[in-house]
Structure formats: structure tokens, C-alpha cells
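Because the structure is a prediction, the values reported are computed rather than measured. Atoms within each ligand, like the ligands themselves, are counted from 1 in listed order.
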Amino acid sequence: MGLCDLNTIRDVLGRHGFHFSKSLGQNFLTAQWVPDRIAAECGADRSNAVMEIGPGMGCLTLELSKRAARVVAVELDRALLPVMAETLTGIENVEVVQGDILKTDISALCAEKFDGMAVHACANLPYYITSPVISALIDCRAFESITVMVQKEVAERICAAAGTSEYSAFSIYVQYHTEPEILFEVPRDCFVPQPKVDSAVLRLVPRKMPAVSPQDEALFFAIIRAAFNQRRKTLANAVLAAFGGRLNKAEIFSLIRSVGLDERVRGERLTLSDFAALSDAAAVLLAEKCETAAVSQEMRD
Ligand code: SAM
């Protein structure tokens with residue numbers, strides 16, 4: 001019986017006195033095709049390694065171990081360590097590390113465990129920390145690819161195009177650093193306990209160079225944050241508030257027009273290229289006023 005079989009799950013967890021924790025996002029897979037397909041599509045093979053986050057009982061870990069040279073799985077819940085000592089017994093190329101992925105130096109862990117091998121990240125993520133984990137996996141620049149199961153709406157938000165209601169500052173951040181793609185959807189009845197939402201498996205392939213090349217990355221993201229913090233306002237009004245009076249409304253209108261946009265446009269309509277052009281134009285104008293550093297700093301705070 002596989003580790004997704006409901007009777008096996010109940011039997012093993014029951015014998016270990018384990019109870020699911022809602023606060024740790026513990027929804028375990030009960031459909032074997034899901035870990036099979038994630039393992040098949042995450043890029044793992046005998047020439048590389050996988051870092052998994054949140055192995056739970058080890059159903060995905062086991063499938064990854066059949067394909068990758070080495071798997072290191074970071075699990076927060078100590079109660080699952082004896083469970084995996086049983087379910088993953090005798091699997092030589094797997095190591096379970098107890099820890100909180102958000103407090104882990106991921107680059108250092110990869111350097112320590114994988115000896116220079118190419119590494120893929122893979123996870124059925126706990127819903128409560130999806131965005132910070134994805135950000136940490138991107139920011140550490142340690143992975144060839146990042147394949148994660150997340151709430152379906154989050155996957156759609158990450159891949160959303162400009163002008164849609166799902167498009168957000170987080171979509172832009174992820175699309176700036178990676179090429180995101182939804183691989184497949186996973187209905188809620190593939191988990192125990194059953195969550196209230198459906199899921200999707202998302203693959204992020206880190207870009208060698210960011211999608212666009214703003215002159216001042218901090219200013220670029222500061223403008224994006226300002227635009228989406230007040231997404232009901234026009235871009236001009238949202239940015240006016242964020243510029244703290246260093247640029248007046250006429251100057252902001254003129255900046256927006258200078259990159260070929262209507263001065264009444266909302267921030268959510270701008271593509272990454274539009275935001276890069278706008279932030280470059282703003283950088284020039286602020287440099288003329290010797291204000292760039294001060295504004296980037298203020299908008300970051
Ligand atoms: N991989 C298993 C599966 O697919 O059946 C379990 C997935 S479950 C959605 C999420 C797992 O992440 C749980 O095992 C949970 O204990 C673990 N987890 C929660 N927060 C974590 C954290 N901060 N760091 C590492 N693991 C965490």
C-alpha cells in the first residue's frame with residue numbers, strides 16, 4: 001500500500017498518536033497520482049538533488065527519492081519525525097531535517113547537503129506560509145526550478161497578466177524573477193483532512209536575468225508597492241501619496257504620459273515593462289532634483 005492510501009495513513013498516524021494540526025497547514029495527499037506527477041515534472045533526475053519543504057508522512061519524498069540522486073526534506077513538526085523514520089526506512093538517499101523553512105538559511109543548507117549538485121525545490125506547501133516560502137525560495141537563488149503545490153487562486157494570482165483582477169505586486173515580483181507556469185490542478189478531495197479550496201501545482205523557473213531591467217530596482221518595486229497598496233486609486237494618486245510631496249501631480253502626470261500611458265490609468269493595468277519605463281523616467285526626474293536615494297528609502301520604509 002502506498003503512502004497516499006487512506007487506510008495506511010490512518011493506521012500509521014494512529015499508531016504514532018499523531019493528530020493533524022490546522023495551524024501547520026497539514027493536509028496530506030490521498031491520491032497517489034499527485035506525488036507521482038509532481039516528482040515526474042519537477043526536473044528531478046539522478047544527476048541532481050531535491051530540497052523538499054514539509055514532507056509530512058513522506059509520500060512526495062518517496063517519489064522524489066526514486067528519481068533524484070539525493071533528497072533533503074525540511075519538516076517543522078517534530079511529531080512527524082518518528083512517522084517518517086517508519087515510512088522512509090531503508091531509503092538511503094533521503095535525509096529529513098527538522099526545522100522551520102522560514103528560519104532556515106536555505107543557501108547554506110543546500111551548500112552543506114548537496115555538494116555543488118544542481119538542486120530543485122519541491123513542496124506541497126502549507127497554505128499559511130505560501131508567499132513567504134516562495135519569496136525565500138526565489139531570493140536564495142539556490143534552485144534550478146521551484147515546483148510547489150499552492151491554493152489554486154494563489155497560483156492564478158502569481159501567473160496573472162496585467163489588467164486582470166488577480167494581478168498584484170506579488171505577481172510582478174514572481175514574474176520579474178522567474179517564469180511561472182501552472183502545471184496542473186488538484187481538487188480538494190485529494191487530501192486528508194479535506195481543505196476548503198482546490199490546489200494547483202506551480203512551476204517557477206528562475207530567470208538568469210530579471211524580466212525587465214529597471215535602473216533602480218528599489219525604486220521600481222517601491223512604485224509597484226505604492227500602485228497596488230491603493231489599487232482603487234489611479235496610478236498618479238497612489239504614487240503621489242508615496243512620493244511624499246517630492247513630485248507634484250503635474251510632474252507625475254507628465255511622467256506617466258512620457259512612457260506612453262494615460263494619466264488616469266490604474267496601476268493594475270501596467271505591465272512589468274511599463275513599470276520599468278515609469279521607474280526609469282522617475283529616477284531621471286528625481287536625480288535632477290537630487291531626490292532618488294531619499295525617495296527610494298522613504299518608500300521602502
Ligand atoms: N508533503 C505532505 C503531503 O503532500 O502529503 C504534507 C504536506 S502538508 C500540506 C504541509 C507540511 O508542511 C506539513 O507536514 C507541515 O507539518 C509542514 N510545515 C508546516 N509549516 C512548516 C514550516 N514552517 N517549515 C517546514 N515545514 C512546515
Quiz item: For ligand 1, is Leu60 a contact, meaning one of its heavy atoms is under 4.0 Å away?
Solution: no
Quiz item: Of all the heavy atoms in Tyr127, does at least one lie under 4.0 Å from an atom in ligand 1?
Solution: no
Practice problem: Return the option from Glu75, Met149, Gln98 holding the heavy atom at the smallest distance from atom 15 (C) of ligand 1. | Solution: Glu75
Practice problem: Run down the list Pro35, Pro55, Gly54 and name the one with the heavy atom closest to atom 11 (C) of ligand 1. | Solution: Gly54
[X]: numbered ligand 1 atoms lying under 4.0 Å from its heavy atoms:
X	result
Leu76	20 (N), 21 (C), 22 (C), 23 (N), 24 (N), 25 (C), 26 (N), 27 (C)
Gly25	8 (S), 9 (C), 10 (C)
Gly99	24 (N), 25 (C)
Asp100	22 (C), 23 (N), 24 (N)
Gln26	13 (C), 15 (C), 16 (O)
Val74	25 (C), 26 (N)

Below a 4.0 angstrom heavy-atom separation, can you tell me which part of [X], side chain or backbone, both or neither, approaches ligand 1?
X	value
Val133	neither
Leu29	both
Phe191	neither
Leu102	neither

Quiz item: Is the gap between the ring centers of Phe28 and Phe20 under 6.0 Å?
Solution: yes
Exercise. Decide side chain to side chain contact (heavy atoms under 4.5 Å, CB included) for Arg266 and Arg231; before the verdict, give the C-alpha distance in whole Å, the side-chain angles of both, and the deciding distance to 0.1 Å.
Key: CA-CA 7 Å; Arg266 285 178 197 269; Arg231 67 186 290 157; over 6 Å; no
